[in-house]
J.: 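Before I ask anything, let me first share the structure, which is written out below as C-alpha cells.
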Amino acid sequence: MALDIKICGLKTDKALAAALAGGASHVGFIFFAKSPRYIEPAEAGRLREAAIGKAKAVAVTVDAGDAFLDEIVEKMQPDMLQLHGSETPERVAEIKGRYGLPVMKALPVSEAADLERTRPFVGIADRFLFDAKPPKGSELPGGNGIAFDWRVLAGLDADVDYMLSGGLNAANIGDAFRLANPPGLDISSGVESAPGVKDPALIEQFFRAVRAARDNRAA
C-alpha cells in the first residue's frame, strides 16, 4: 500500500529540503496567526516552488474567510486546501467550488463515536485528517503534540481515505502502523526542536523510523 506522508508547518528552506529528501508526498504551510508555525502566503509561495513535481503543497487554514483564502490561493498556489476549523459540509463544498482545489477536512478525535462526524462530509471532502482533540485552554486546533487512541480507527470503513495526525514521532510510529495502519501520516511538532522550529535531523530520523516500521510489518 502506498503511504502518503505530510510534513506540516514548514517555514524554512532547510526543513522543506529535508522533507523532500525524505520522500514526503505532501508539504504543509500553516495560515493561522496564533500558531508558531504561521507563514505569510507570499513566503509559502516562494518555498513551495521547490516542491513542484515532488510533493503536493497544502495550505492549512482555520475557519478562514474568502478574502484570506483568495490571497493564499493567489500567492501560494497550493495543490490542496486543508480546513482545520469548524467548517461545515456546506462551507467545504463552497470552498471547493470557489477554487477548484481538492480539500482535506480535519476532524478532532478522542473516541470511536467522533468518527461519525465524517458522514456529512463524505462525497464533499476529498480526504480526512484525524487529529487529537486539543487540550483544554489550547488556542491551536492542531499541532499540540498529543495523540488519541489510534485503535478507534480500526472501525473505519475501508474506503475512508485519511491522514493520521497528532502526537506522531519516530518513537511511536511503529505503534501507529500496528494499531491503525493509516493510509497517510501528518507530522508537525514531532519533528521540531522547539514549537514552530522544524529540525531537519528529526525529519530525517522520522522517515528512517517509518521505513523501519514498514519493513518490520512486511517481514
Side-chain angles (χ1 to χ4, degrees), residues 1-10 15-16 18-30 37 48 51 54-61 78-84 92 96 101-109 112 114-115 117-118 121-133 141-191 198 202-203 205-218:
M1 179 183 74
L3 176 71
D4 287 341
I5 299 177
K6 175 156 77 76
I7 307 296
C8 202
L10 293 164
L16 177 60
L20 296 174
S25 60
H26 297 69
V27 289
F29 302 91
I30 294 178
R37 303 164 188 97
R48 67 93 68 224
K54 300 175 183 177
K56 293 180 180 178
V58 183
V60 181
T61 66
D79 298 303
M80 185 177 217
L81 298 172
Q82 178 179 321
L83 307 181
H84 214 111
V92 174
K96 281 189 66 173
L101 291 170
V103 169
M104 179 157 54
K105 180 68 183 90
L107 295 173
V109 176
D114 293 323
L115 299 175
R117 296 183 61 199
T118 61
F121 293 95
V122 171
I124 301 173
D126 297 276
R127 197 169 201 176
F128 293 100
L129 182 141
F130 296 132
D131 199 355
K133 289 185 177 180
N144 292 294
I146 57 175
F148 61 95
D149 185 351
W150 298 324
R151 290 173 294 186
V152 304
L153 297 174
L156 267 179
D157 291 339
D159 59 349
V160 175
D161 189 17
Y162 72 93
M163 284 189 160
L164 174 62
S165 184
L168 290 171
N169 55 54
N172 66 15
I173 191 61
D175 291 335
F177 285 128
R178 181 173 54 84
L179 298 173
N181 197 27
L185 303 171
D186 177 290
I187 186 169
S188 184
S189 61
V191 288
K198 291 289 181 292
L202 290 178
I203 293 174
Q205 182 184 21
F206 179 72
F207 279 106
R208 284 202 308 268
V210 168
R211 288 192 293 270
R214 298 197 87 199
D215 289 345
N216 286 341
R217 284 184 62 83

J.: For atom NZ of K56, is the number of surrounding heavy atoms from other residues, nucleotides or ligands below 6.0 Å larger than 12?
T.: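 At most 12 heavy atoms, drawn from other residues, nucleotides or ligands, come within 6.0 Å of this atom.
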J.: Who are the side chain to side chain donor-acceptor pair (under 3.5 Å) partners of R117, not counting sequence neighbours?
T.: none
J.: Answer yes or no: is there a side-chain heavy-atom contact under 4.5 Å between F177 and L185?
T.: yes
J.: Let me confirm one number: the CG-OG1 distance from L81 to T61, rounded to the nearest 0.5 Å.
T.: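 L81 CG to T61 OG1: 6.5 Å, rounded to 0.5 Å.
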J.: To the nearest 0.5 Å, what is the distance between CD1 on I203 and NZ on K198?
T.: 7.0 Å
J.: Could you check whether atom CZ of R151 has more than 12 heavy atoms from other residues, nucleotides or ligands sitting under 6.0 Å from it?
T.: no
J.: Run the side chain to side chain contact (heavy atoms under 4.5 Å, CB included) check on H26 and D186 step by step: do they pass?
T.: CA-CA 9 Å; H26 297 69; D186 177 290; over 6 Å; no
J.: Could you go step by step and tell me if F207 and V191 meet the side chain to side chain contact (heavy atoms under 4.5 Å, CB included) rule?
T.: CA-CA 10 Å; F207 279 106; V191 288; over 6 Å; no
J.: As an exercise, state the distance from CG of N172 to CH2 of W150, rounded to the nearest 0.5 Å.
T.: 4.0 Å
J.: Please round to the nearest 0.5 Å and tell me the distance separating atom CG of D131 and atom NE2 of H84.
T.: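 Between D131 CG and H84 NE2, I get 4.5 Å after rounding to 0.5 Å.
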J.: Please report the C-alpha distance between F29 and L10 in whole Å, then the side-chain angles of each, then the deciding distance to 0.1 Å, and finally whether the side chain to side chain contact (heavy atoms under 4.5 Å, CB included) criterion is met.
T.: CA-CA 6 Å; F29 302 91; L10 293 164; 4.1 Å; yes
J.: For Y162, enumerate each residue passing the ring pair (Phe, Tyr, Trp, His ring centres under 6.0 Å) test, keeping only those at least two apart in sequence or located in another chain.
T.: F130
J.: Tell me, with the steps shown, if I173 and L168 meet side chain to side chain contact (heavy atoms under 4.5 Å, CB included).
T.: CA-CA 6 Å; I173 191 61; L168 290 171; 4.2 Å; yes
J.: Does D126 reach the main-chain N or O of M104 with its side chain, forming a donor-acceptor pair under 3.5 Å?
T.: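 Not confirmed, D126 side chain does not pair with M104 backbone.
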J.: Taking all atoms of both residues into account, what is the closest heavy-atom pair of I7 and A19, and its distance?
T.: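 Smallest heavy-atom distance, with atoms named: CG1-CB, 3.7 Å.
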J.: Less than 4.5 Å apart, any side-chain heavy atom of V60 and any of R37?
T.: no
J.: Verify the distance criterion only: is there a donor paired with an acceptor across the side chains of S188 and K6 at less than 3.5 Å?
T.: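 Short answer, no.
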J.: With rounding to the nearest 0.5 angstrom, report the CE to SG distance, M163 to C8.
T.: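 That separation rounds to 9.5 Å.
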J.: Can you list every pair that meets salt bridge (Lys or Arg N to Asp or Glu O under 4.0 Å) and has a residue in residues 152-168, with sequence neighbours left out?
T.: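 Passing the test, one end in residues 152-168: R127-D161.
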J.: Provide the closest heavy-atom pair for A55 versus V27 in the form atom of the first, atom of the second, distance.
T.: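 Smallest interatomic distance, heavy atoms only, reads CB-CG1, 4.4 Å.
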J.: May I ask you to test the F128-V109 pair for a side-chain heavy-atom distance under 4.5 Å?
T.: no
J.: Is the side chain of K96 donor-acceptor paired with the backbone N or O of I124 at a distance under 3.5 Å, no angle test?
T.: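 Looks like yes, one N/O pair under 3.5 Å.
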J.: Which heavy-atom pair separates L129 from S165 by the least distance, and what is that distance?
T.: CD2-CB, 3.6 Å
J.: Check A147 against A132 and note the closest heavy-atom contact, atom names and distance.
T.: C-CB, 3.9 Å
J.: Roughly how far, to the nearest 0.5 Å, is the CG atom of L164 from the CG atom of N181?
T.: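 So the gap between those two atoms works out to 10.5 Å.
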J.: Please name the pair of heavy atoms, one in V58 and one in Q82, separated by the smallest distance, quoted to 0.1 Å.
T.: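 Looks like CG1-CB, 3.7 Å.
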J.: Please find the pair of heavy atoms, one from A170 and one from A209, that lie closest to each other, and give the distance.
T.: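 For A170 versus A209, the nearest heavy atoms are O-CB, 3.5 Å.
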